[in-house]
Amino acid sequence: MCRIAGAPRTLLPLLAALLQASLEASGELALCKTGFPEAVYSAVLPKDVHEGQPLLNVKFSNCNRKRKVQYESSEPADFKVDEDGTVYAVRSFPLSAEQAKFLIYAQDKETQEKWQVAVNLSLEPSLTEEPMKEPHEIEEIVFPRQLAKHSGALQRQKRDWVIPPINLPENSRGPFPQELVRIRSDRDKNLSLRYSVTGPGADQPPTGIFIINPISGQLSVTKPLDRELIARFHLRAHAVDINGNQVENPIDIVINVIDMNDNRPEFLHQVWNGSVPEGSKPGTYVMTVTAIDADDPNALNGMLRYRILSQAPSTPSPNMFTINNETGDIITVAAGLDREKVQQYTLIIQATDMEGNPTYGLSNTATAVITVTDVNDNPPEFTAMTFYGEVPENRVDVIVANLTVTDKDQPHTPAWNAAYRISGGDPTGRFAILTDPNSNDGLVTVVKPIDFETNRMFVLTVAAENQVPLAKGIQHPPQSTATVSVTVIDVNENPYFAPNPKIIRQEEGLHAGTMLTTLTAQDPDRYMQQNIRYTKLSDPANWLKIDPVNGQITTIAVLDRESPNVKNNIYNATFLASDNGIPPMSGTGTLQIYLLDINDNAPQVLPQEAETCETPEPNSINITALDYDIDPNAGPFAFDLPLSPVTIKRNWTITRLNGDFAQLNLKIKFLEAGIYEVPIVITDSGNPPKSNISILRVKVCQCDSNGDCTDVDRIVGAGLGTGAIIAILLCIIILLILVLMFVVWMKRRDKERQAKQLLIDPEDDVRDNILKYDEEGGGEEDQDYDLSQLQQPDTVEPDAIKPVGIRRLDERPIHAEPQYPVRSAAPHPGDIGDFINEGLKAADNDPTAPPYDSLLVFDYEGSGSTAGSLSSLNSSSSGGDQDYDYLNDWGPRFKKLADMYGGGDD
């Protein structure tokens, strides 16, 4: 049989229970007794017992009967027993120095049979007493028997016991390593065993916290533990022989880290912001503050309690708020919150662990800022009971009066923003009150015109309210109502015509001087003595005049319905009425004359030109009539041919098709091609009827089989039409412009060609130069020059006819200069010698500039040049002192030069 040694002293009862279970399972006990195998269970505990902490394990034997046992404790407020027999603490409490005793009951759920056992809890001795006592024996945890022989085969034993966890307080001061438990196997008597542990904290990260002596099985902790990092370690213990063969099944060891109060509460925010409406009743929720503690929340170390340390300001009461010590909810406890007096409260909140124990608990503080929000508990009040204003009549969008109010609520909020309404004195809605968003003033504005002659004064009753209703229980005072007295100022108004426009009906053709009607205007200013005068403003056809005093309208020309100024039989004329007020005002009126038609226009033939064939067949001419009159003075029309000349009725015949159309045909079998003027008599249906002889120009032409004229020329009549003549004139003008443009272009081109000839390179100018042909002639003997190529003076263009800006490079520039005598322009002989002599004389006599055909005189550049004089090249005296023999060494090209200068006297 194996054993595990090293458990604390609190596990001794458990060891006994395990031994008893092992004996029963192996059949070593001959008799089985139902109930608790031990009469008393004992456990040694530290001073502080924590909620949920396992204390010990009790064993109940039912002798292999299928009993359902329920455990109970005689102290249910402090202890409870799970179904597996583990005894736990229900709450956290300090264990007293004296021994704690209580009973555990086991009751069969079916038979109600009941058993009991006593439990003794003793206090663990303090550290100061340990040196005075003998070292306690390290408890052992024994490996359970692994295999048992049954029917000649190996069979695994059922494990029905639980190894209680090992409880270690965090932040222990040592010394380290600190022994915890000894793991033993009963096979170590016959075998040499090696013990090991695995799991997080041993061979897995964080490694090295727990170590085990492989020979003795002593399990130890090497450093202080921190519950906030790892609250529980789960290890597995192993036993193997020296060859590494497993001799026992691994057992689980749970090590609980007991929490110590080593962490202060921490608020989630250092400053908490909340709000509450002013005037709130006691018990109104404001906000919730929250703190957390890294210690065990199920133990006293992590149980927090809140309280308010201070309140600023302390008016109207130093305790306006309270806090739920467990949840952190802040609520109001007193009435009197008034934003107009105190707008903000600052609370210092403290959170303490150990359920708020001020002696042992750790604390921390935070700030709660509570803003008192505004409610509409102050109505707006007018600063005066009566406001005054005035407005000119007929003016709109004019501010009449400025209403001012006061409101103690927070500015620019719905509880402060004023809304004005007119409760009386404006039945027709001529006024409105707008609110200035910045100053909250009411602007009384005129929205409809006011007539002084109707209303001279208005007395308005106005009320001021807020955008949101007043708080419950608050009423509007009398100061929220005021009156506004508005005086209307009389101004000069425009005269007006009534009716406007004025419509009359008249026949056209009225003679000049006929009185049509009287157009008068009304002056709305009844309380002003003013005169009105009339003038004509618009009369498109200039048919009318108006009397400036009484407005009587008379014709000055014949009214014509067919005038282009008449639209839809209506003629419009506009007149102006002006008074003599200050300032003078005027108004316009329109007279519409509906003109009735009379038969004053004779009908005309339409079209006025037509064409037909030389023979009656195959076509004819359809004609109609044009009459500017309207029914009944227009159609139906009567068409006829005149009696004279007699050739008309002899050659033509006309047939009336209907009231508006007739047909003209040849009466004879053949009519020679040409243009004929056929008079046609057309009579309308007026009363009396009106007749007219219209000329129809008919072109008689040769026709093809389809009845179409084959002549090229069209109807010209006695001459071309106006449109054709204009077209021909336009074509002629365009042609002349093109010709003129071509001539100008040719002249400009000739000038450009001449300018290019004058601007040629002087080397290419043969007028004063000998032509260069790049031929090396026979020297002095080959000088047969053509002297005619030299320019003659009589062929030179005068300067006056040369183009401006185009000159030869060797000519004198033309600009304003002093007038000097001009050399004579006498004819020069053709001999070149005489020509040169004459040019030389002219150059000597002209001080202005040298001519282009003589030597140019350059400016004197002064003396003192470091270079030698070029005149030495022609000086025979200076050349004799120099040696030019080195020219022979320069090659054949310098041989001649060497002979000339280096050849001695020759």
Side-chain angles (χ1 to χ4, degrees), residues 1-12 14-15 17-19 21-22 25 52-54 56-57 82 84-86 138-148 154-170 172 176-227 229-258:
M1 179 177 179
C2 302
R3 294 184 301 167
I4 300 178
R9 186 175 300 174
T10 56
L11 299 179
L12 290 177
L14 177 61
L15 184 61
L18 292 175
L19 180 61
S22 177
Q53 177 180 346
L56 74 162
N57 186 275
D82 285 349
D84 59 356
T86 302
I138 301 300
E139 298 186 12
E140 296 181 350
I141 299 179
V142 181
F143 281 95
R145 183 178 298 276
Q146 179 180 3
L147 298 173
L154 294 177
Q155 184 177 4
R156 185 178 299 275
Q157 179 183 1
K158 180 179 180 182
R159 297 177 61 185
D160 55 354
W161 53 275
V162 176
I163 299 177
I166 301 172
N167 297 319
L168 287 179
E170 65 173 336
S172 175
F176 296 102
Q178 179 182 352
E179 295 180 354
L180 300 180
V181 69
R182 180 177 292 113
I183 302 173
R184 294 291 303 277
S185 173
D186 58 358
R187 294 192 180 189
D188 60 354
K189 298 178 181 180
N190 302 324
L191 299 174
S192 178
L193 302 182
R194 298 292 183 268
Y195 301 98
S196 63
V197 290
T198 60
D203 62 341
Q204 299 178 17
T207 59
I209 297 179
F210 299 98
I211 58 175
I212 189 170
N213 189 316
I215 304 300
S216 64
Q218 179 66 46
L219 180 64
S220 304
V221 60
T222 62
K223 62 179 67 176
L225 303 181
D226 189 354
R227 191 204 67 85
L229 295 179
I230 301 177
R232 172 177 293 187
F233 293 90
H234 189 184
L235 305 178
R236 303 202 78 183
H238 306 270
V240 297
D241 57 17
I242 59 176
N243 295 323
N245 298 320
Q246 179 178 316
V247 297
E248 298 285 359
N249 286 332
I251 62 173
D252 296 331
I253 300 176
V254 178
I255 301 174
N256 290 327
V257 183
I258 304 303

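Applying the salt bridge (charged side-chain N to carboxylate O under 4.0 Å, His left out) criterion to Arg236, with sequence neighbours excluded, gives Asp252. Ser172 meets the side chain to side chain donor-acceptor pair (under 3.5 Å) test with no other residue; sequence neighbours excluded.
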Show, in sequence, the C-alpha distance, side-chain angles and deciding distance for Val247 and Leu193, and conclude whether the side chain to side chain contact (heavy atoms under 4.5 Å, CB included) test is met.
CA-CA 8 Å; Val247 297; Leu193 302 182; 3.7 Å; yes
Side chain to side chain contact (heavy atoms under 4.5 Å, CB included) assessment of Leu235 paired with Ile255
CA-CA 8 Å; Leu235 305 178; Ile255 301 174; 3.8 Å; yes
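Here the side chains of Ser192 and Ile215 are not in contact, with every heavy-atom distance at 4.5 Å or above. Between Leu168 and Val257, the closest side-chain pair of non-hydrogen atoms is not below 4.5 Å. The side-chain heavy atoms of Val197 and Leu219, taken from C-beta on, include a pair separated by under 4.5 Å. Between Ile253 and Ile166, some side-chain heavy-atom pair lies under the 4.5 Å cut-off. Proximity of Ile258 to Arg227: side-chain heavy atoms (C-beta onward) are nowhere separated by under 4.5 Å. Counting only heavy atoms from C-beta outward, the side chains of Val221 and Phe210 approach each other to under 4.5 Å. Within the 4.5 Å cutoff, the side chain of Pro200 has no heavy atoms near those of the Pro205 side chain. Under the 4.5 Å side-chain criterion, counting only non-hydrogen atoms from C-beta, Leu225 is in contact with Phe233.
Not one N or O on the side chain of Asn243 forms a donor-acceptor pair closer than 3.5 Å with the backbone of Asn245. Checked by atom type and distance alone, the side chain of Tyr195 never pairs as donor or acceptor with a backbone atom of Val240 at under 3.5 Å. Side-chain N or O atoms of Thr222 include one that pairs as donor or acceptor with a backbone N or O of Ile209 at under 3.5 Å.
Taken from NE2 in His238 to CD1 in Ile212, the straight-line distance is 9.5 Å, to the nearest 0.5 Å. Note that CD1 of Ile211 and OG of Ser196 are 13.5 Å apart. Values are rounded to the nearest 0.5 Å. For the atom pair Gln218 CD and Ser220 OG, the distance stands at 4.5 Å (nearest 0.5 Å). To the nearest 0.5 Å, atom CG of residue Leu229 and atom CD of residue Glu170 are 9.0 Å apart.
Among residues at least two apart or in separate chains, side-chain hydrogen bond (donor to acceptor under 3.5 Å, both in side chains) pairs with a member in residues 203-213 are Asn213-Ser216.
For Pro54 against Asn167, the heavy-atom pair with the smallest separation is O-ND2, 4.0 Å.
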